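Here the structure is laid out as structure tokens; the discussion comes afterwards.
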Amino acid sequence: LDEKKQTYIQKEIYNVIQRQVKNKGPNKYIHCIWYCVNCATNRFEDSEIQFLKKISSFTGIGKVPIILILTQCYNDEDKNKMIKELIKSDIDIDNIIPIVAKKKKLLIPESQDPITISPYGFDNLLKVMENKLPEMLKETQTNYQDVLIRKKKTLSMISVAIGTFASIIIFLSPHPK
């Protein structure tokens, strides 16, 4: 994606998360972001790194965990290379999960028989989500409380301002003798 589209998507992600935090209550929060990268392409763009760094550094909405899912991981060498590259990129990612979604037959030049890569990784994703969910919910509750405190603080400041303004009006009003 070009930079303009990335900026638009970042803003949309932020707005959705912020809307859920402000209006929907903890049960409707976005507790996690899954970001999928095709491992078969054997590359992770600098623009994707910057995109994820931006998303992971959103302020005002609390930390939303990011789980990076490597899709189409048919080759261990490519998968390991991608994982190392992602770790080296210093993005605030909570987990990296390699996945193959459906069975695939691959032709090997040295062999006449294709090899079959069976689906894998979903069980790991489920375990990560199962283990992380209580942690995410706790984080969400903290974020929710922070939002409520900010709202209460704003409302109290407005109340004080209204009270002060009313006192000034009463003080400056002509009093009967």
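These numbers come from a predicted model, not from an experiment.
Side chains of Val37 and Glu48 form a contact here, defined as non-hydrogen atoms less than 4.5 Å apart. Lys105 places none of its side-chain heavy atoms less than 4.5 Å from the side chain of Ile115. For the pair Ile97/Leu70, no side-chain contact is recorded, criterion being any heavy-atom separation below 4.5 Å from C-beta on. Side chains of Ile99 and Phe122 form a contact here, defined as non-hydrogen atoms less than 4.5 Å apart.
The pair Asp76-Lys79 counts as a salt bridge, with a side-chain nitrogen and a carboxylate oxygen less than 4.0 angstrom apart.
Crowding of Glu12 atom CD: a count of heavy atoms from other residues, nucleotides or ligands under 6.0 Å exceeding 12. A 6.0 Å sphere centred on OH of Tyr8 holds no more than 12 heavy atoms belonging to other residues, nucleotides or ligands.
The shortest non-hydrogen separation linking Ser89 to Ile49 is CB-CD1, 3.8 Å. Closest of all the heavy-atom pairs between Asp90 and Lys53 is O-CE, 3.6 Å. Closest approach of Met82 to Cys39, counting heavy atoms only: CG-SG, 3.9 Å. The heavy-atom pair separating Ile93 from Leu68 by the smallest distance is CD1-CD1, 3.5 Å. Listed here is the closest heavy atom pair of Cys73 and Pro98: SG-CB, 3.7 Å. Of all non-hydrogen atoms in Cys36 and Thr71, the two that sit nearest each other are CB-CG2, 4.1 Å.
Tracing side-chain contacts under 4.5 Å through hydrophobic residues (I, L, V, M, F, W, Y), one reaches Tyr74 starting from Tyr120; they form part of the same cluster. In this structure, Ile96 is not a member of the same hydrophobic cluster as Leu126, with clusters built from ILVMFWY side-chain heavy atoms closer than 4.5 Å. In the hydrophobic clustering of this structure, Val16 groups with Leu52; members are Ile, Leu, Val, Met, Phe, Trp, Tyr whose side-chain heavy atoms approach within less than 4.5 Å, directly or through other members.
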Practice task
For Ile13 and Ile33, run side chain to side chain contact (heavy atoms under 4.5 Å, CB included): C-alpha distance rounded to whole Å, both residues' side-chain angles, the deciding distance at 0.1 Å, then the answer.
Solution key: CA-CA 10 Å; Ile13 291 170; Ile33 295 172; 4.3 Å; yes

Handout entry: Verdict with reasoning, Val100 to Gln72, per side chain to side chain contact (heavy atoms under 4.5 Å, CB included)
Key = CA-CA 5 Å; Val100 169; Gln72 301 182 30; over 6 Å; no

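Taking CD1 of Ile69 as the reference point, atom CG of Leu125 lies at 5.0 Å (rounded to 0.5 Å). For the atom pair CD (Glu85) and CD1 (Ile91), the distance works out to 9.0 Å, reported to the nearest 0.5 Å.
Remark: the backbone N or O of Ile66 is paired with a side-chain donor or acceptor of Asp94 at under 3.5 angstrom.
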